[in-house]
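Residues: numbered from 1 along the sequence shown. For clarity, every value in this text was computed on a predicted model and none was experimentally measured.
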Amino acid sequence: MQNTLKLLHMSDENAINYPYLPAGEKIIYVRADNEYMQAAREFALKNSLDKVMPTGSVIVLDGKVIGRGANGSDYHDKHGCERVRRNIPTGQGYELCVGCHPKNHSEPKAIAEALKNYTKEDLAKSELYLWGHWWLCQPCWNAITEAGIKKVYLQTDSEKHFNKNHIENIVGTQFNLA
């Protein structure tokens, strides 16, 4: 019976229709109260410049956070967003807006911080926790792959909570929840 439940759970995860997921890659889910997911959330709360979809990433090596990143830039405040003006779907057209450029995503920022004090060999043994989103775009997956990081964690039910198109989303109230 326990194996059946495990298979059903795995099947449910595989049923998520991510806008992008490289062949052979998988996303691992952890509860919202996971200490590293909480660290990513807290970093987003304090550092994200994206007022709609704040995200935070932490890179963990041997139980220690070695890199942190939050998304956003002040470009949108000053100039707006070309992707929003053109009604471009999430995950597309990053090259059209300086504020949306992947250099402003939390994952590459966390990787860059980790590489200030650690090697790529260290990162190959590390894990990345992403709070505030339900999938990773192609440029972020590419950065993670290039860094050698093998495990990526998202918060359980992130495909509902952080998906603007899902009825159960918490977009706009992410930090109001305990």
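- Both Ile170 and Val30 belong to a single network of hydrophobic side chains, linked directly or stepwise wherever heavy atoms of I, L, V, M, F, W or Y lie under 4.5 Å apart.
- Across all non-hydrogen atoms, the minimal contact from Leu61 to Asp122 is CD1-O, 3.6 Å.
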Apply side-chain contact (heavy atoms from CB on, under 4.5 Å) to the pair Ile16 and Trp135, showing each step before the final yes or no.
CA-CA 10 Å; Ile16 297 170; Trp135 65 285; over 6 Å; no

What's the verdict on ring pair (Phe, Tyr, Trp, His ring centres under 6.0 Å) for Tyr94 and His105, showing C-alpha distance, side-chain angles and the deciding distance?
CA-CA 11 Å; Tyr94 292 131; His105 294 189; 4.9 Å; yes

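- Within the 4.5 Å cutoff, side-chain heavy atoms of Val152 are placed close to those of Ile144.
- For the atom pair NZ of Lys116 and CD1 of Ile111, the computed distance is 13.5 Å after rounding to the nearest 0.5 Å.
- In the hydrophobic clustering of this structure, Leu49 does not group with Val171; members are Ile, Leu, Val, Met, Phe, Trp, Tyr whose side-chain heavy atoms approach within less than 4.5 Å, directly or through other members.
- One finds no salt bridge joining Lys125 and Asp62 here, because no Lys/Arg side-chain nitrogen approaches an Asp/Glu carboxylate oxygen to under 4.0 Å.
- Taken from CG in Leu45 to CD in Gln38, the straight-line distance is 10.5 Å, to the nearest 0.5 Å.
- Test Asp50, Thr55, Val58, Asn47 against Ser106 for side-chain contact (heavy atoms from CB on, under 4.5 Å) and you get one pass: Thr55.
- Looking at every heavy atom in both residues, Asn169 comes nearest to His166 through ND2-O, 2.9 Å.
- Listed for the Gln155 side chain is no donor-acceptor partner under 3.5 Å among the backbone atoms of Ala32.
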Could you walk me through whether Cys100 and His76 pass side-chain contact (heavy atoms from CB on, under 4.5 Å), step by step?
CA-CA 9 Å; Cys100 295; His76 291 135; 3.5 Å; yes

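- Classification of Lys120 and Glu146 as a salt-bridged pair holds, one side-chain N sitting under 4.0 Å from a carboxylate O.
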For Leu136 and Leu130, run side-chain contact (heavy atoms from CB on, under 4.5 Å): C-alpha distance rounded to whole Å, both residues' side-chain angles, the deciding distance at 0.1 Å, then the answer.
CA-CA 9 Å; Leu136 292 81; Leu130 170 62; 3.8 Å; yes

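- With no hydrogens or angles considered, no side-chain donor-acceptor pair links Trp141 and Glu25 at under 3.5 Å.
- The CE atom of Met37 sits 12.5 Å away from the CZ atom of Arg31 when rounded to the nearest 0.5 Å.
- Connection of Ile88 to Val52 is not established within any shared hydrophobic cluster, with ILVMFWY side chains joined at heavy-atom distances below 4.5 Å, either directly or through further cluster members.
- Residues Cys97 and Gly80 come closest through the heavy atom pair SG-O, 4.4 Å.
- The OH atom of Tyr18 sits 11.0 Å away from atom NZ of Lys26, with the distance rounded to the nearest 0.5 Å.
- Side-chain atoms of Pro19 and Trp134, non-hydrogen and from C-beta on, do get closer than 4.5 Å to each other.
- To the nearest 0.5 angstrom, Leu115 atom CG is 5.0 Å from Leu123 atom CG.
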Would you please test Ile149 and Ile59 for side-chain contact (heavy atoms from CB on, under 4.5 Å) and show each step?
CA-CA 9 Å; Ile149 298 169; Ile59 297 175; 3.9 Å; yes

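- Of all the heavy atoms in Gln174 and Arg41, the pair that sits closest is O-NH2, 3.7 Å.
- Considering all non-hydrogen atoms of both residues, Tyr75 and Gly99 come closest at CD2-N, 3.5 Å.
- In the hydrophobic cluster analysis, where Ile, Leu, Val, Met, Phe, Trp and Tyr join through side-chain heavy atoms closer than 4.5 angstrom, Val84 is grouped apart from Met53.
- Here the OG atom belonging to Ser48 is positioned 8.0 Å from the NZ atom belonging to Lys109, to the nearest 0.5 angstrom.
- Between Leu154 and His133 the shortest side-chain heavy-atom distance does not fall below 4.5 Å.
- Heavy atoms only, all atoms of each residue included: Arg83 and Gln92 are closest at NE-O, 2.6 Å.
- Scored by the ring-ring contact (aromatic ring centres under 6.0 Å, His included) test, Tyr129 finds Tyr36, Tyr153 as partners (sequence neighbours excluded).
- With hydrophobic clusters built from ILVMFWY side chains whose heavy atoms lie under 4.5 angstrom apart, Phe43 does not share a cluster with Trp131.
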The test is salt bridge (charged side-chain N to carboxylate O under 4.0 Å, His left out); show your working for Glu82 and Arg85 and say whether it passes.
CA-CA 5 Å; Glu82 187 60 30; Arg85 280 193 281 276; 3.1 Å; yes

